[in-house]
Structure formats: C-alpha cells, structure tokens
Amino acid sequence: MAPDSSNSSVDDPLFESGHRIFANKDLLKIGHVPEADRIVGRDDEISKLAKRLNGAVHGYSPENVMIYGKTGTGKSLVSKHVSQRAQNAAQDGVEIGTAYIDCAEDNTETQAVSSLAAKLNDESTTGIDVPHTGLSTSKYYKLLWKTLDAQFDSVIIILDEIDLMNDDNVLMKLSRAEEAGKIDCSVGVMAISNKIQYVDNVNERVKSSFQHKEMFFKPYDANQLREIMLNREDAFQDGVLSEDAIPLSAAFAAQEHGDARKAIDILRHAGEVAYEAGAEQVTEEHVRQAQQHAEKDRFRELVNGAPTQAKAALLALTELSVSSDEDAFLTSRVYDQYERICNHLDMDILSVRRFRDILKEQAFLGVVEIEKINKGSAGGIHLQNRLIEDPQVVRETILEDSLMEDWPGE
Ligand SMILES: Nc1ncnc2c1ncn2[C@@H]1O[C@H](COP(=O)(O)OP(=O)(O)OP(=O)(O)O)[C@@H](O)[C@H]1O
C-alpha cells in the first residue's frame, strides 16, 4: 500500500504539502476492506456465518452457505471478514485455507479453478507449480486437489457474484470433492449473489450436491449508513466535513436501496468536488453535486447495459427530445422515429405492442417517465414518454454502441 503522505510537506512549491481535504483517502476506496471495528450493523450476520464455518476451526467440514442481498449490503465484506477470522482462530494443528474468487472476472469453470489453485497453492510448501494458463480444466482440478491436500485440513472458498459464472459445474465439483474421495481436505463454499432465485435456476445435479444454508442481507437504513461513514470520518482532515455532509450522503444512498458502497462513493466524490472547488470544507452543496454525478453514472450504466432494441427505442425518444422544444412525446410518434432508425441501421422492427413493452421496461428501470394523457371521450387514453436524463447524455451513451454508431442523427 502507498504510504499515507496526506500530511507530509513537499519542498517544491509547485506541489501542495499534504491534502486540504483528505487525510487517508484509501479508507474510502471501493476495494478497501475495513478493520473489524469499522464494520457496522452486521453483528448478527457475522455470528450466523461464524456458526456455519465453525467446523473448519476444529478441523471438520464447514457448511456451504448461499448469501443473498442487494448490492452494497456488505456481503463480500462480511464473508471475507469471517473467513479470515476462522483462519486466525484455527485450533492448534488445524490448517485452514481461504480463497476469494470474483466470478465477474473468473467467469468460466477453467478460470475459476485455475485461479483457486494458484491462490491456494504455496509453492514453497507444496513444490507444485500452477501455470496461469494452458492446462485443461480437469488438470487444473487435479492440481487444486493436490495443493489442498498438501496444505490444509479445511478450506473456505468465497465465490462472489456466482450468478455471473457461465457454468455451475464448479459449485458441484467443489462440494462433491471430499465425498467423491478426491481429497481429504474438507471444503466449504460461500456463494454470493444479488439474484434471489439463483439456486432455483441451477441444474438439479448441482442443487443436490451443493447442500447449503441460506442467508439474506437486508439493505442498510439511513442510520446504519451514517454509522458506516462516521466510522471512516478519519479519511478526511479534522474539521473538513461539515455537519450535513455525512447525514446527507446517507440519506441519498438510503433513498435508493441502502447501498453502503453508494454512500461511501458519494462522500468520497463530495470531497473531490470540494477539493477541485478550492473549498476548505465539504458542504451540503458538494454532496448534492456528488449525488448528481453518481446519478449520471448509474444512468450511463443502465443505458449501456440495455439490449439493442431498447437502445433503438431510447434513441428514438432522444432524437425527438433533442430536435424539439417539447420533452414528452406520444408513443406513436416515438414509434415512427424508431422505425426510421431501424431502417437506417438495418435492424428488425418490433411490433407496436412489443415496442410499448420496451418503453415500459425502461420506465421501470427509471430511464423513461410515462404519463397517461386523457384526450376526452372521443380521443381515449394515450401515453406520453419523456426521458428522465439529459438527452445529450443518453445520445452519447447509446452511440458508443458499435451497432448504433452508424446512426447519423437528424
Ligand atoms: N457494515 C459495514 N460496515 C462498514 N463498511 C461496510 C459495511 N457494509 C458495506 N461496507 C462497505 O461498503 C462497500 C460495499 O460492500 P460489499 O462489497 O461488501 O457489498 P456487497 O453486498 O458485496 O455488494 P455487491 O453485491 O455489489 O458486491 C465496501 O466498501 C464495504 O467496505
């Protein structure tokens, strides 16, 4: 880790001595794992999870656990924390290994198994060389089993964002290894997901071998978010945070779904905004600006991740918004524009009914706002669609997609 030089003085006047706003910005980094005394509001989850892993501490099998919860509710943090404590608490003569796999990165069976083998293998103890690439999946499994037996009585494996793994095989192989006689070391898997029905959708064979207990992490409320941030107040210089900065960041994050990552992000960004503005304090206004920025980022992510047809529908609404003084348009008018776009880009044209469904989905995601207009007894009910975010931002984001970039605009 880089030394904390926030308060050190620098001889060259071109550079600032220390930092006006931050004392230890690392505390607000996304990947930062806080110390036990900075973890707030998760005592129950920590002790429940510890019970599941208790066997490992005494050299028996830990239980498998499936952890569900929305983003930023502390699932990764608590699982890393408890597995680390189990490793430290291991009884004399009991060796516990722990490994964390981010399935968003290692999303194939081979990648996950090779990563596990590489992370758990201490070559100086086992004499086993685990090459990064080039072996078949089954060879990587063999290396993994060898390295586990050479070092551990028990191993605790965290598979984070398991729903992003494109194959459930790894879950089955890990949970069956001991029973199938492939290893003597016992294996406990903590699989983590935001998708509440993840296990319902996995293959029956996997389900029957991955016998597990389930845990649900509830979103934080504004008080808990405030506590989480107060516990990292020392990321800032003394007296720099105005009284409102933390409560307001907590309130913004709680409004959405109680996401601690979002709360910390807003606070860090507010500090950056204050710094850029040359301010001495992080004020309510800086937090508001940081929140608007976070909102734009979230919006960009939503639009980026939308299917191509949804992007074409949004582009149609965007073009109308950019080229007119109005900001809300009847579905029929948006559909005409959508047809022009699809023709130009050589895309399939969906039926009006399907097109309406797409706009509804986008309204559900908070990209579009739909309003019912009653045109009297003869005119009937019509739907008007409006983009929630600045049309130029939406346009720029959609045109980043290589399938849409040939649209010249109107
Ligand atoms: N109870 C807590 N106390 C202190 N910090 C917390 C707490 N819960 C979460 N955080 C912080 O919030 C951020 C997000 O937490 P974490 O990654 O554990 O969430 P998650 O539920 O795993 O989210 P995702 O599903 O998006 O991976 C991290 O920086 C973490 O340190």
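In each ligand, atom 1 is the first atom listed, and ligand 1 is the first ligand listed.
- In terms of protein heavy atoms, atom 22 (O) of ligand 1 is closest to Ser76 OG, 2.5 Å.
- The option with the heavy atom closest to atom 18 (O) of ligand 1, from among Leu77, Ile264, Ile228, is Leu77.
- Ligand 1 has Gly72 within reach: a non-hydrogen atom of the residue lies less than 4.0 Å from it.
- Between Tyr68 and Phe216, the two ring planes are parallel [angle under 30°; tilted spans 30° to 60°].
- Looking at Arg38, Glu45, Lys75 and measuring to atom 21 (O) of ligand 1, the nearest heavy atom belongs to Lys75.
- For atom 12 (O) of ligand 1, the closest non-hydrogen atom of the protein is Ala260 CB, 3.5 Å.
- Heavy-atom contacts of Asn194 reach the following atoms of ligand 1: 25 (O) (cutoff under 4.0 Å).
- Taking the ring axis of Phe22 as reference, the NZ or CZ atom of Lys25 stays within 45° of it and closer than 6.0 Å to the ring centre.
- Numbered from 1 in the order shown, with element, the atoms of ligand 1 that lie under 4.0 Å from a heavy atom of Arg42 read 1 (N).
- Numbered from 1 in the order shown, with element, the atoms of ligand 1 that lie under 4.0 Å from a heavy atom of Pro34 read 31 (O).
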Q: Would you sort out whether Leu144 and Ile183 count as a side-chain contact (heavy atoms from CB on, under 4.5 Å), showing the intermediate values?
A: CA-CA 10 Å; Leu144 176 62; Ile183 43 174; over 6 Å; no
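- Heavy-atom contacts of Thr73 reach the following atoms of ligand 1: 19 (O), 20 (P), 21 (O) (cutoff under 4.0 Å).
- Side-chain atoms of Ser242 come within 3.5 Å of backbone N or O of Val282 as a donor-acceptor pair.
- Among protein heavy atoms, the minimum distance from atom 27 (O) of ligand 1 is reached at Arg261 NH2, 3.5 Å.
- Using modelled atom types, one finds a donor on one side chain and an acceptor on the other under 3.5 Å when comparing Thr147 with Gln151.
- No salt bridge links Glu227 with Arg38; every basic N to acidic carboxylate O contact stays at or beyond 4.0 Å.
- Contacts between Phe217 and ligand 1 below 4.0 angstrom, taking non-hydrogen atoms only, are absent altogether.
- Residue contact check: Lys70 has heavy atoms under 4.0 Å from atoms 21 (O) of ligand 1.
- Taking a cutoff of 4.0 Å between a charged side-chain nitrogen and a carboxylate oxygen, Lys29 and Asp26 qualify as a salt bridge.
- Remark: of the listed residues Arg52, Met190, Lys51, Arg52 is the sole one forming a side chain to side chain contact (heavy atoms under 4.5 Å, CB included) with Glu63.
- Between Phe210 and Lys207 the shortest side-chain heavy-atom distance does not fall below 4.5 Å.
- Proximity annotation for atom 11 (C) of ligand 1: of Lys262, Arg232, Met229, Arg232 comes nearest, heavy atoms only.
- A cation-pi contact links Arg42 to Tyr220, judged by a cut-off of 6.0 Å to the six-membered ring centre and 45° from its axis.
- Nearest protein heavy-atom neighbour of atom 28 (C) of ligand 1: Ile30 O, 4.2 Å.
- Ranking protein heavy atoms by distance to atom 19 (O) of ligand 1, first place goes to Gly74 N, 3.3 Å.
- Looking only at protein heavy atoms, the nearest one to atom 1 (N) of ligand 1 is Val40 O, 2.6 Å.
- Considering backbone and side-chain atoms together, Tyr220 places an N or O closer than 3.5 Å to an N or O of ligand 1.
- The two atoms that bring Val322 and Pro391 nearest to each other are CG2-CB, 3.7 Å, heavy atoms only.
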